[in-house]
Number of protein chains: 2
Amino acid sequence: MAVTIKDVAKKAGVSPSTVSRVLSNHPRISVETSRKVKEIMEQLGYHPNIMAKSLVSKTTNSICIMLPKSAEELFSNFFFMELIRGIVTQASRLGYDVLISSGANEKEEVEAVSRLLNGRRVDGVILLYSRKDDPVIDFLYENGHHFVLIGRSERYPDTLSVDNDNVQASYDAAKHLISLGHERIGFVSGPPDLVFSKDRLKGFMDALNDAGLEMRPEWIVEGEFLQDSGYRAMSFFMNLPDRPTAIVLIDDVVSFGVLRSLHELKYKVPEDLCLVSFNNIPLSELSTPPLSSIDIGIYNLGYTASQLLIQSIENGNDKNYQKRQIIPHRLMIRESSMHSISKK
Amino acid sequence: MAVTIKDVAKKAGVSPSTVSRVLSNHPRISVETSRKVKEIMEQLGYHPNIMAKSLVSKTTNSICIMLPKSAEELFSNFFFMELIRGIVTQASRLGYDVLISSGANEKEEVEAVSRLLNGRRVDGVILLYSRKDDPVIDFLYENGHHFVLIGRSERYPDTLSVDNDNVQASYDAAKHLISLGHERIGFVSGPPDLVFSKDRLKGFMDALNDAGLEMRPEWIVEGEFLQDSGYRAMSFFMNLPDRPTAIVLIDDVVSFGVLRSLHELKYKVPEDLCLVSFNNIPLSELSTPPLSSIDIGIYNLGYTASQLLIQSIENGNDKNYQKRQIIPHRLMIRESSMHSISKK
DNA sequence: CTGAAAGCGCTAACAC
DNA sequence: GTGTTAGCGCTTTCAG
């Protein structure tokens with residue numbers, strides 16, 4: 001049997017409540033008693049029972065991360081791990097534990113979140129992704145739970161979220177290519193139901209528009225693709241009569257696939273095609289050639305999300321802090337985009 | 001205020017204990033009552049309070065993952081994320097929640113684990129790494145907690161663990177190169193305090209010995225290294241009078257670094273140097289050239305660890321199931337090693 | 001098959 | 001400053 005607050009109390013010759021007060025650093029407790037109690041606790045190897053504490057205090061000091069379904073996740077393991085590190089680091093700094101959960105489909109996800117939140121096991125949730133029309137978000141929103149989104153929700157714009165300015169980031173990426181003289185620029189997107197895919201496409205289009213550049217539908221490849229399908233897509237892409245001289249890609253991992261395909265098709269990067277992508281994963285500077293990429297501060301996204309959620313849990317949802325936090329991005333220029341086009 | 005078991009009981013006209021029994025599918029409960037109670041629960045939106053249940057049942061139905069310190073983690077985000085996915089999937093299948101924790105140093109790690117385990121918040125722990133002389137393992141072992149290691153402990157060989165046969169895997173990798181006619185083979189290791197680094201080095205040496213091949217100390221590069229230091233190491237390595245024609249590398253990410261360095265140094269893979277590494281991360285087939293790599297079944301490692309831990313929690317530690325589970329590995333041969341040497 | 005009662009380990013008024 | 005008391009929401013004997 002584990003040692004409880006009563007055991008400590010008895011041995012210290014005080015009441016359980018005194019021990020409890022020592023535990024929570026209650027102001028009105030004599031230094032002497034406190035010292036003594038702490039000594040006994042040490043001596044007995046006392047550890048407060050977290051569950052019991054939670055039960056009465058009605059707060060768990062823990063938050064939950066919802067992992068995306070594996071299909072989406074494969075998209076970028078690096079991304080999620082980095083996010084998680086940020087979240088866990090900040091959470092534990094603030095005295096919170098982090099629970100990690102997932103579901104095979106949206107129904108299971110809602111069930112998991114509901115069980116955890118309604119069952120009072122966690123105080124709030126961080127969603128690592130922003131899908132369009134996500135029933136999990138509906139559930140969270142309708143039941144007034146504490147939650148924050150990595151990304152943003154179109155349906156509930158007033159929800160707490162941590163995001164990049166993806167429109168601007170993508171604008172910057174395109175602008176970079178335009179400044180190198182590229183006039184035919186393509187875009188390789190990700191899963192269309194992810195909000196950032198849309199945002200990045202928009203920023204891309206804005207940049208082209210502002211520069212008065214043409215934008216052909218066949219220069220825009222939608223949907224996730226790696227390996228095989230990537231090969232076919234690139235093959236098609238590079239055989240277009242007026243093929244682009246540069247592309248913006250939704251994600252570094254996609255870039256790796258494209259790089260591989262281009263290599264097999266005997267095209268040279270950046271000479272035949274310039275590449276700029278997103279996320280700046282550690283491997284992006286180790287590819288051949290190194291990838292230009294927009295660093296979106298993944299760790300920072302997680303870190304900030306964690307902070308925002310805990311703030312909301314502790315101070316209530318309706319404070320007037322920033323509902324939507326934007327993490328700055330930064331274009332890392334590397335070899336994959338270092339090829340300028342001289343204007344004809 | 002949330003709806004409790006009492007509310008359900010009152011509305012259903014039964015006692016709280018009956019409701020509790022319905023909840024746990026107690027055998028001696030009439031089908032009729034059960035149906036009715038369940039209906040009321042649905043109607044009221046009842047969710048059992050997990051903390052209260054834990055408090056009395058003295059079991060939390062949750063396990064904890066200890067994340068390695070960030071320095072080690074950077075080594076391979078892919079690896080850990082995949083492991084976590086395996087763990088979480090199997091845990092939730094078995095009705096367990098997964099908590100994720102970490103510490104900035106070993107002392108903090110012990111504190112975290114101690115707080116969670118002694119504070120009865122989790123039933124057991126999975127360690128994602130196997131360091132030599134790890135105080136966390138000492139703590140877990142000495143206090144009789146449930147835990148499983150990914151990898152293995154040299155100090156406590158009888159501890160529950162899930163591992164690859166790293167010696168054999170590395171033997172296989174070297175053997176593959178030897179079968180291609182390579183006679184001068186190098187080895188690039190990882191952090192020397194990680195147990196699998198040692199195991200893989202051993203397997204490598206065994207293979208060379210068995211084949212009667214020479215093994216020079218300068219062909220073995222110890223320690224983690226990427227980018228800059230990798231460049232220097234490779235530069236040194238390739239300028240040796242009798243430089244190796246092939247190397248085995250501890251990890252795909254290291255291979256990426258080496259690939260990059262070799263490219264900058266104008267060496268060709270596999271013509272000038274053949275590469276075989278470990279882990280088979282998704283990106284390894286997207287590099288140029290695609291990497292030969294030993295698939296160690298990362299997801300499976302996590303999955304099995306989860307299962308083993310929960311088994312141990314539920315059936316007690318001293319059952320006679322396999323204490324040490326070995327996940328099979330498989331060499332994936334790709335272009336980076338497809339160059340044979342004709343014997344002189 | 002079901003109810004009453006005790007208690008898991010802790011906190012939080014309310015006394016003194 | 002510290003003790004007393006009453007639960008938090010649930011499970012679990014023990015009766016019946």
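In the text below, chain A, chain B and the rest are named by the order of the sequence lines, each starting its count at 1.
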Sugar-phosphate, base or nothing in reach of B:Ser30, heavy atoms under 4.0 Å: sugar-phosphate
Rounded interatomic separation in angstrom, taking CE from B:Met51 and P from D:dG9: 13 Å
Whole-Å gap separating C1' (C:dC1) and CZ (B:Arg21): 8 Å
Distance, rounded to the nearest Å, where A:Asp7 contributes CG and C:dG9 contributes P: 9 Å
Separation of D:dC10 P from A:Lys53 NZ (nearest whole Å): 21 Å
N or O in side chain of A:Ser54 less than 4.0 angstrom from C:dC10 OP1/OP2: no
Modelled atom types, side-chain donor and acceptor of A:Ser15 and A:Ser17, under 3.5 Å: yes
Upstream residue (5' side of DNA chain C) when B:Ser57 and B:Pro16 are each assigned their closest nucleotide: B:Pro16
5' priority, DNA chain C, between A:Leu23 and A:Arg28 [closest heavy atom]: A:Leu23
Residue-phosphate contact under 4.0 Å: B:Thr4 side-chain N/O, D:dG9 OP1/OP2: no
B:Glu39 and B:Arg35 ion-paired at < 4.0 Å: yes
Per B:Thr33 side chain, nearest of listed nucleotides C:dC1, C:dA4, C:dC10: C:dC1
A:Glu111/A:Arg115 salt bridge by N-O under 4.0 Å criterion: no
Whole-Å distance separating the CD1 atom of B:Ile29 from the C1' atom of C:dT2: 7 Å
D:dG9 phosphate, OP1 or OP2, under 4.0 Å from A:Lys58 side-chain N/O: yes
Parallel, tilted or perpendicular, as decided by the 30° and 60° cut-offs, for the rings of B:Tyr141 and B:Tyr156: parallel
Euclidean distance, atom NZ of residue B:Lys10 to atom P of D:dG9 [Å, nearest integer]: 13 Å
d(CG, A:Asn49; P, C:dG7) in whole Å: 18 Å
Touch class at under 4.0 angstrom, heavy-atom based, for B:Val14 against every strand present: sugar-phosphate
Nearest listed nucleotide, side chain of A:Ser15, among D:dC10, D:dG9, D:dG3: D:dG3
Minimum-distance nucleotide (side-chain atoms of B:Val56 versus C:dA4, D:dT11, C:dC10): D:dT11
Nucleotide nearest B:Ser20 (side chain, heavy atoms from C-beta), chosen from D:dT11, C:dC10, D:dT4: D:dT11
Rounded distance in Å - NZ (B:Lys6) to P (C:dA5): 12 Å
Side-chain donor-acceptor pair present, B:Thr60, B:Ser62, cut-off under 3.5 Å: yes
Closest to side chain of B:Thr18, choosing from C:dT11, C:dG3, D:dC10: C:dG3
